[in-house]
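Encoded as structure tokens, the structure appears first; notes follow it.
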There are 2 protein chains.
Amino acid sequence: MSTIEDVAKLAGLSRTTVSRVINNHPYVSEEKRKLVMEAMERLGYVPNSSARSLRSQKTELIALFVPRIMNPFFSQLVESMEIAAAEHNYQLIICQTRYSSEKELNYMNLLKTKQVDGVILASIQNDWEVLEPFLDYGPIVLCNEFDEQANVPSVMLDQVHGGYIATKHLLEQGHRRIAYCRGSTRSNVANHREIGFRKALSEYGIVFDEQYAFRDTLHSEDGRRVFHRMLSLSEPPTAVFTGSDEVAAGIISEAKKHGCKVPDHLAVVGFDNQAITQLMEPTITTVHQPVEKMAQKALEVMIEKIHSRTYRQREIYKFPLKLIIRGSTVTNKLAKL
Amino acid sequence: MSTIEDVAKLAGLSRTTVSRVINNHPYVSEEKRKLVMEAMERLGYVPNSSARSLRSQKTELIALFVPRIMNPFFSQLVESMEIAAAEHNYQLIICQTRYSSEKELNYMNLLKTKQVDGVILASIQNDWEVLEPFLDYGPIVLCNEFDEQANVPSVMLDQVHGGYIATKHLLEQGHRRIAYCRGSTRSNVANHREIGFRKALSEYGIVFDEQYAFRDTLHSEDGRRVFHRMLSLSEPPTAVFTGSDEVAAGIISEAKKHGCKVPDHLAVVGFDNQAITQLMEPTITTVHQPVEKMAQKALEVMIEKIHSRTYRQREIYKFPLKLIIRGSTVTNKLAKL
DNA sequence: CTGTTAGCGCTTTCAA
DNA sequence: TTGAAAGCGCTAACAG
């Protein structure tokens, strides 16, 4: 394991000069540069990153917080973020909070102990006042999630609009009794979608009926459960807006199993535009989210913050969502038009 | 940003004593320990991890190489591995090779530069002789993947058996013209499955017909493509064994679209037991892989290697696979028995 | 253009 | 049971 000292000796120069070559500093003669390069080559020298970090107070590491990776939305976010990070010579440390505020808080220590240069939160499990003090130690950027109180940059999607266009689509198809499935109760993403949902309803003079609301639906199994609960209502809904394609797929699968036709008896809208939407029968109407763009932007903003060292500034970057109409809300004939 | 020095001063003690308290060393009087704890508390002190790493030559970081995260199999692997790592107080750095040997090689420098304590390869893009020299810098453990040449631990699944039981199941259903879809051409995982596939065929006296082989099938779109290519054969297969549930789902979706009944006209076996297998209609017969167990074991082995510092030792840990029979290979009536 | 020197914050001998 | 001091490998004033 050779050090900068070894290289310096072999090249017959000082550590400083070697360091200058490594970091592409100016004021090194071409001659000495060559000497250093050769010595590095001969020794198979690579700078020790702990030493570098200690000295420069930079780790080139960013922590990304997600509830869990298996959720396809977050898989995609992690994938896009890792690619973006690599392009900027940063590495990504993955932290799964598993929806636990305790775990989240624990992972926040990565910032305090200087293990990472910054934290990107794609999920928030604690109140902002709990997280805020960590800004003393490094930048925090919100990605996908959003918090009213947070005095940091947020890169997000227009979830209000997402909820709105999905619901409006169902209303335009003539539906009036529309059920609503959302994920985590504390997420602002879900809150915003609900606002859009209600806005569309109210434009059609419909008052939202709480019996049609289902909270904490995350997986296909939840969808199956919801289907049965909807059926058991005195006036079952004719359409349902869900917060995820998996839930939508669960509802559709269970509906078909019980002879309930989609979309004729029950129209279903998903969210995320995952692969499954094109594999189910009928294919699933859904809302496409520009995850890749969001991830890239969040990473750029993070890097900018790391350099500028101004962490407590609220900035909002919002990307649009797009409704993709497929078979689960319109009959095949129409879908093919 | 307080340092160990600040704590020492406030407590009226030496850095050494503070360090002893931090690291739970013996020979610290209860009285001084309290003093130190209080001082740390008052200052909100947390040890700087770069300094620690530099001094102790440990980062508590492990790099996990995967081709890409979006693939549900690897999502699950990453998820399980992160949980296992967290339990052992290690963090995971994610490296997506995107099937590129160059990117893989580039990421290997994390080991050389001491940014991580070890590398877990869940995918191999370079010949072993290229990777081997990195063992001078730290441990490498193979997880899921396997290489004949590699003189390091491998934690793997019995893919030969997986290919065998899946194929045997199809043979038992009476199929004789069985097509075969596999993923990446250089993966040993796929090679092993193919060995199992051929073994089952030969037990039934069938010589594998290369026209039934489809390579590099990864996504549902590939499945759709394969379906059409199978149809165009003079003697189309009556069953197909695939290397992934996504490909299987693509085949099934396309088959249904063209009035081909599954499993009556075409039986399909997937691999991975992903969520989609229970959502498709028919549900998909597949092979379950104990990903979580494998991930845990790989992590344990890695930690053991980090401590023992003996990296060049071949050890094989193999976990069994299980066939899960569903609707895509047996008619509904039978499936319900 | 190059070298000397002083740390970054921590752990660990060694001596008391 | 405690502390002084050395040094992990690197970068960046500063001086020349």
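In what follows, every chain begins at residue 1, and chains take the letters A, B, ... in the order their sequences are listed. The model shown is predicted, which means the values in this text are computed figures rather than measured ones.
A heavy atom closer than 4.0 Å to some atom of DNA chain D occurs in Leu13(B), Ser14(B), Arg15(B), Thr16(B), Thr17(B), these being the qualifying members of residues 8-19 of chain B. Residues from residues 23-43 of chain B placing a heavy atom under 4.0 Å of any atom in DNA chain C, listed by number, are Asn23(B), His25(B).
Look at CD1 on Ile4(B): it is 17 Å from P on dA5(D), rounded to the nearest Å. Between Glu5(A) atom CD and dC8(D) atom C1' there is a gap of 13 Å when expressed in whole angstrom units. Whole-Å rounding puts the Gln57(B) CD to dC10(D) P distance at 10 Å. If you take CZ of Arg55(A) and P of dG9(C), they are 10 Å apart, rounded to a whole angstrom. Nucleotide dC8(D) holds its C1' atom 8 Å from the CG atom of Asn48(A), rounded to whole Å. If you take NZ of Lys58(A) and P of dA12(D), they are 11 Å apart, rounded to a whole angstrom. The distance between atom OH of Tyr45(B) and atom P of dG9(C), rounded to the nearest whole Å, is 10 Å. Taking atom CD on Gln115(A) and atom C1' on dG9(C), their separation rounds to 14 Å, with Å as the unit.
Applying the salt bridge (charged side-chain N to carboxylate O under 4.0 Å, His left out) criterion to Lys112(A), with sequence neighbours excluded, gives no partner residue. In this view, Ile22(B) and Ile4(B), Val18(B), Met40(B), Tyr45(B), Pro47(B), Arg52(B) satisfy the side chain to side chain contact (heavy atoms under 4.5 Å, CB included) rule, not counting sequence neighbours. Partners of Leu218(A) by side chain to side chain contact (heavy atoms under 4.5 Å, CB included), not counting sequence neighbours, listed by chain and number: Tyr99(A), Asp222(A). Judged as a salt bridge (charged side-chain N to carboxylate O under 4.0 Å, His left out), and not counting sequence neighbours, Asp6(B) has no contacts. Residues that satisfy the salt bridge (charged side-chain N to carboxylate O under 4.0 Å, His left out) test with Arg20(B), not counting sequence neighbours, are absent from this structure. By the side chain to side chain contact (heavy atoms under 4.5 Å, CB included) test, Glu38(B) is found to be paired with no residue, residues two or more places apart in sequence or in another chain being considered. Evaluation of the salt bridge (charged side-chain N to carboxylate O under 4.0 Å, His left out) rule for Glu304(B) yields no partner, not counting sequence neighbours.
Considering all non-hydrogen atoms of both residues, Ile69(A) and Ser75(B) come closest at CG2-O, 4.0 Å.
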Run the side-chain donor-acceptor check on residues 289-297 of chain A: report pairs under 3.5 Å with partners two or more places apart or on a different chain.
unit_1: Gln289(A); atom_1: OE1; unit_2: Gln159(A); atom_2: NE2; d: 3.2
unit_1: Gln289(A); atom_1: NE2; unit_2: Asp272(A); atom_2: OD1; d: 2.6

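The salt bridge (charged side-chain N to carboxylate O under 4.0 Å, His left out) contacts involving residues 87-109 of chain A comprise Arg98(A)-Glu79(B), where partners must be two or more places apart or lie in separate chains.
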Filtered N/O pairs between nucleotides 14-16 of chain D and protein, under 3.5 Å:
none

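Residues Leu61(B) and Tyr90(B) form no side-chain contact, since every pair of their non-hydrogen atoms from C-beta on lies 4.5 Å or further apart.
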